[in-house]
Amino acid sequence: MIAQLRTYTLNKGMVESWLELFEEKIVPLLKDHGIGIHSAWLNEERTKFIWIRTFEDQADLERKEAAMYGSEWWTKNVDHVRSHFAHRDIKVITPFLPGGA
């Protein structure tokens, strides 16, 4: 398994709009394309949305993201979605189990 650790710095005053959009539109879109959501958090100041998306491997990530980002809903709404963010940081991460367990 691999994952993406995604940190979005939200524009001032947009946290509630983002949370609604995420729950009502983004989560179903990701599920429709087989993209796993491991977890999601807000920092204490409610200025950053941090979440983890999961995939089988790099090829799975590339295939599923291409399908999702090429979808009709995404192409029509990408500007609205991204209008919520001042900054996005996306890192691919891999699991580590101490001692190989």
Side-chain angles (χ1 to χ4, degrees):
M1 177 202 302
I2 67 169
Q4 290 176 325
L5 173 63
R6 294 174 157 257
T7 304
Y8 300 164
T9 302
L10 300 169
N11 286 319
K12 187 174 181 159
M14 297 201 77
V15 67
E16 296 307 323
S17 174
W18 167 248
L19 293 175
E20 182 179 323
L21 178 64
F22 182 77
E23 187 173 2
E24 294 179 6
K25 301 294 184 182
I26 303 299
V27 169
L29 178 68
L30 294 172
K31 287 183 178 181
D32 286 349
H33 289 89
I35 298 172
I37 301 171
H38 182 273
S39 53
W41 305 269
L42 281 172
N43 68 338
E44 190 172 336
E45 299 80 16
R46 296 176 61 88
T47 57
K48 293 188 186 290
F49 183 82
I50 303 118
W51 60 308
I52 296 175
R53 293 187 347 188
T54 58
F55 304 89
E56 293 176 25
D57 54 30
Q58 185 65 34
D60 186 53
L61 182 156
E62 292 170 7
R63 182 176 60 257
K64 289 176 178 176
E65 280 198 335
M68 196 234 3
Y69 290 134
S71 71
E72 182 178 346
W73 187 91
W74 183 260
T75 57
K76 287 182 179 179
N77 293 282
V78 61
D79 291 337
H80 173 65
V81 171
R82 292 188 176 162
S83 73
H84 290 81
F85 313 137
H87 179 72
R88 293 181 304 143
D89 182 53
I90 303 166
K91 294 185 177 12
V92 174
I93 56 177
T94 58
F96 171 73
L97 300 174

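These numbers come from the heavy atoms of this one structure, side chains and all, not from hydrogens, waters or symmetry mates.
Among residues two or more places apart in sequence or in another chain, the side-chain hydrogen bond (donor to acceptor under 3.5 Å, both in side chains) test is passed with Thr9 by Lys48. Every residue two or more places apart in sequence or in another chain that forms a side-chain hydrogen bond (donor to acceptor under 3.5 Å, both in side chains) with Gln58 is listed here: Glu62. Applying the side-chain contact (heavy atoms from CB on, under 4.5 Å) rule to Ala67 yields the partners His33; only residues at least two apart in sequence or on another chain are considered. Looking at residues two or more places apart in sequence or on another chain, you find a side-chain hydrogen bond (donor to acceptor under 3.5 Å, both in side chains) between Arg63 and Asp60.
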Return all side-chain donor-acceptor pairs below 3.5 angstrom for residues 13-31, not counting sequence neighbours, or 'none' if the list is empty.
from  : atom 1 : to    : atom 2 : distance (Å)
Glu16 : OE2    : Arg46 : NH2    : 2.4
Ser17 : OG     : His84 : NE2    : 2.8

Compile the donor-acceptor pairs under 3.5 Å between side chains in residues 71-79 and protein atoms, sequence neighbours left out, one pair per line.
from  : atom 1 : to    : atom 2 : distance (Å)
Ser71 : OG     : Met68 : O      : 2.8
Ser71 : OG     : Trp74 : N      : 3.2
Glu72 : OE2    : Lys76 : NZ     : 2.8
Thr75 : OG1    : Ser71 : O      : 3.2
Thr75 : OG1    : Glu72 : O      : 3.1
Asn77 : ND2    : Trp73 : O      : 2.8

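Around the CD atom of Glu45, the shell of radius 6.0 Å holds more than 12 heavy atoms that belong to other residues, nucleotides or ligands.
To the nearest 0.5 Å, atoms OG1 (Thr54) and CD (Gln4) are separated by 9.5 Å. Rounding to the nearest 0.5 Å gives a distance of 9.5 Å between CD of Glu56 and CE of Met1. Note that CD1 of Ile35 and CD of Glu65 are 6.0 Å apart. Values are rounded to the nearest 0.5 Å.
Applying the salt bridge (charged side-chain N to carboxylate O under 4.0 Å, His left out) definition to pairs two or more places apart or across chains, those involving residues 81-94 are Asp89-Lys91.
As a member of the Ile/Leu/Val/Met/Phe/Trp/Tyr network built from side-chain separations under 4.5 Å, Ile90 groups with nothing else and remains a singleton. Counting side-chain heavy-atom gaps under 4.5 Å among Ile, Leu, Val, Met, Phe, Trp and Tyr, Phe96 is found in no cluster with other residues. Cluster partners of Ile52, using a side-chain heavy-atom cutoff of under 4.5 Å among ILVMFWY residues and allowing indirect links, are Leu5, Trp41, Ile50, Ile93.
Between Phe85 and Tyr8, the angle of the ring planes lies from 30° to 60°, which puts this pair in the tilted group.
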